[in-house]
Amino acid sequence: MSADRVILHGPIGDFARQLSPSDDLSADEMYAATISVWSTAIAPTVRVRSYLPGTRPTLVWTAFVGDSWNPSEGMAQSVVRALRVRDSFTSLAGRHPVNSVAHLFSAVESARRYPSRHTSAPRSTLLESSPFQRTPAGRQRLQSELNYALRQAWDGSNFLWIGTKKRTPAQQELDRIPPMVGVLWGISEVSWKQRPYGPGDEAFYSRFLPFKLRGQPSHGRAIQTGPSPELVAAYEWAIGNEREVKLSRAAAEMWGAIRRLEDSTLLHSPAPRDAAFTIRVGEHTLRVAAALAAAEMSPVIEPNAIEAAWSLVWRSIRDVADLSHADSTLLEDPVAKTSEAVPTDSRSAGVRVESSWHAGSTDPDLADTPVQRRTAVAQAQDRDSRVKRQVKAWYDNACQFCGTVIELATPPFAYSEAAHIQALGAPHNGPDRIENVLCLCPNCHVRFDMGARFLTDELRIIDSVTGKDLGPLTVHAQHRIRLEYVRQHRSRWADT
């Protein structure tokens, strides 16, 4: 795989090449924006399946960061106009600037008000502009309700809830269908630097691909009108029936290697706000590849689509480094530089099992004797005691799950345990750092380690036995918990 360029793949790549000479934007940027629009247009009927449980939508969310206050305005206008979305892709509603949950609901309602000529499924919605609100003090703010609704939308979950106003039976039935929402955001460099970041915001930032604009879109110049015949035919194929796009065996192996990169080491950045964009590189790659496969009317994702998709995701990672004023040329594409084969299933070697020892075989009249001792050499994990002391101090030994404090009559007078979210040691190899440690009571620690409890991306506690939501995790203001560790723990026990 090439680390230096984006592979412009298939009909969408051809469209971007033809469009970019008529605009000041590069073909890479037009390609990424077109994939966002295309993936949103086919989202009502196309789902993606991997070797993981469940399916997900094709939605590929992008954000373009540039000098102007709304850098996506011309970008969205150029791509939507060039594709002639209103005439060619009728399953996609118009562009909507949204920075509040009320605006989001209004946009979805507007999109669903008029049916598409091509499908009976509710139309999808494309969001533009910026999700942030500007405060009177000139800072950027992300409305918490919008944050939650957007995360649900990217996941393909239903974020709609019915208010006090009356709804007809037909409207109520429509509300049960999760809305498909695409994103082609534009964020100024000032807003990008001031973007809000707090506990749990990794879950929001990890759901879109940021790109640094190298040029600015033109306004009013003649550009190519209408999608290519290949894209028109692919759209009719995708939207005409419910479709499911799957990974081929070879593509699944390649994608598995990319999924194993889902951690902050891709950027070597100490800042969680930058590392958040590497958390879902596998999911982004899968969705881009599925959109490219659908553009070729293929229900199967082949390795060349995965390769092309990763090249775009890697461009986004490099752009995040550039936007944080790091030298992206120092980054090495880990997929390009490694020739490590993806492990395949193999038969387990035979294991000899000792015969059972029965308590009844001992002599009941044998005298009690002290247990003998022997000298043994063992390897122990080298943990940093400062980590657990700091975490326990934040919570005064109170369990973050249930609030229990175990009081003792002698020093240290209270007892709690430091629980690692991503377990230490092979095969999990979690780090011994504050972002990976919780303060739990012994009971909750055992339940967490054995999968009876896990955390959602929103840091809510789930009982995996009953499926019940037990409420939010108690989190100290200074305790930054990394989502990548939460997801790794959850992947061991839950189908999410």
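Residue indices begin at 1 and follow the sequence shown. Quantities reported herein were computed from a predicted structural model and do not represent experimental measurements.
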Return yes if some donor-acceptor pair links the side-chain N/O of [X] with the main-chain N/O of [Y] below 3.5 Å, else return no.
X	Y	result
Y395	H476	yes
S298	A294	no
H420	Q422	no
N397	K392	no
S206	E202	yes
W310	M254	no

I'd like to know if [X] pairs up with [Y] as an ion pair, taking the criterion as any Lys NZ or Arg NE/NH1/NH2 lying under 4.0 Å from an Asp or Glu carboxylate oxygen.
X	Y	result
E435	R480	no
R207	D155	yes
R482	D201	no
R460	D469	yes
E253	R249	no

Taking atom types as modelled, find out whether [X] and [Y] have a side-chain donor-acceptor pair closer than 3.5 angstrom.
X	Y	value
S248	E302	yes
R141	Q133	yes
S100	H103	yes

From [atom1] ([X]) to [atom2] ([Y]), nearest 0.5 Å:
X	Y	atom1	atom2	answer
Q400	S416	CD	OG	9.5 Å
L150	Q143	CG	CD	9.5 Å
E283	R259	CD	CZ	8.5 Å
E145	L104	CD	CG	11.5 Å
L470	T466	CG	OG1	6.5 Å
H479	L459	NE2	CG	10.0 Å

Can you see which heavy atom on [X] is nearest to which on [Y], and at what distance?
X	Y	result
I258	G282	CG2-CA, 4.1 Å
G430	L424	O-CD2, 3.0 Å
L126	L184	CD1-N, 4.1 Å
D274	S324	OD2-CB, 3.4 Å
V98	A107	CG2-CB, 4.3 Å
P303	A250	CG-CB, 3.6 Å

Exercise for review: Starting from the C-alpha separation in whole Å, work towards a yes-or-no answer on side-chain hydrogen bond (donor to acceptor under 3.5 Å, both in side chains) for T45 and R243.
Suggested key: CA-CA 6 Å; T45 54; R243 301 283 184 183; over 6 Å; no

Review point. For the residue pair H284 and W154, is the inter-centroid distance of their aromatic rings smaller than 6.0 Å?
Key: yes

Exercise for review: Only counting residues at least two apart or in another chain, list the ones meeting ring pair (Phe, Tyr, Trp, His ring centres under 6.0 Å) with F208.
Suggested key: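 F208 satisfies ring pair (Phe, Tyr, Trp, His ring centres under 6.0 Å) with W185, F204, F277 only.
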
Review point. Tell me the side chain to side chain donor-acceptor pair (under 3.5 Å) pairs involving residues 34-44, sequence neighbours left out?
Key: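 Output for this query lists S36-T62.
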
Exercise for review: Report the C-alpha distance between H489 and H428 in whole Å, list the side-chain angles of each, state the deciding distance to 0.1 Å, and finish with yes or no for side-chain contact (heavy atoms from CB on, under 4.5 Å).
Suggested key: CA-CA 9 Å; H489 174 270; H428 309 295; over 6 Å; no

So, do [X] and [Y] sit near enough that their side-chain heavy atoms are less than 4.5 Å apart?
X	Y	value
P57	R47	yes
I301	V245	yes
V437	I421	no
T135	Q140	no
I35	L292	yes
P131	N99	no
L473	I481	yes
P44	S124	yes

Check your understanding: Where do W61 and R287 land on the side-chain contact (heavy atoms from CB on, under 4.5 Å) test, with the steps shown first?
Key -> CA-CA 10 Å; W61 288 10; R287 293 187 181 205; 5.8 Å; no

Point to revise | Geometric cation-pi criterion, R490 with W493: 6.0 Å, 45° | key: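 No; the conditions do not both hold, so R490 does not lie above the ring face of W493.
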
Review point. Which of parallel (below 30°), tilted (30 to 60°) and perpendicular (above 60°) describes F448 and F401?
Key: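 Rings of F448 and F401: perpendicular, as their planes differ by over 60°.
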
Exercise for review: Under the side-chain hydrogen bond (donor to acceptor under 3.5 Å, both in side chains) rule, what do E417 and H445 come out as? Steps first, then yes or no, please.
Suggested key: CA-CA 7 Å; E417 296 181 352; H445 191 175; 2.7 Å; yes

**Study point:** side-chain contact (heavy atoms from CB on, under 4.5 Å) between L247 and L286, intermediate numbers included
**Key:** CA-CA 9 Å; L247 288 163; L286 177 66; 3.9 Å; yes

**Study point:** All side chain to side chain donor-acceptor pair (under 3.5 Å) counterparts of T125, not counting sequence neighbours
**Key:** none

Exercise for review: List the steps, then state whether side-chain contact (heavy atoms from CB on, under 4.5 Å) holds for I461 with L455.
Suggested key: CA-CA 5 Å; I461 306 163; L455 296 171; 3.8 Å; yes

Check your understanding: So among W192, F64, Y31, which one has a ring pair (Phe, Tyr, Trp, His ring centres under 6.0 Å) with F211?
Key -> F64

Exercise for review: Go through the steps for E458 and R151 under the test salt bridge (charged side-chain N to carboxylate O under 4.0 Å, His left out), then give the verdict.
Suggested key: CA-CA 10 Å; E458 292 72 34; R151 296 199 308 265; 2.8 Å; yes

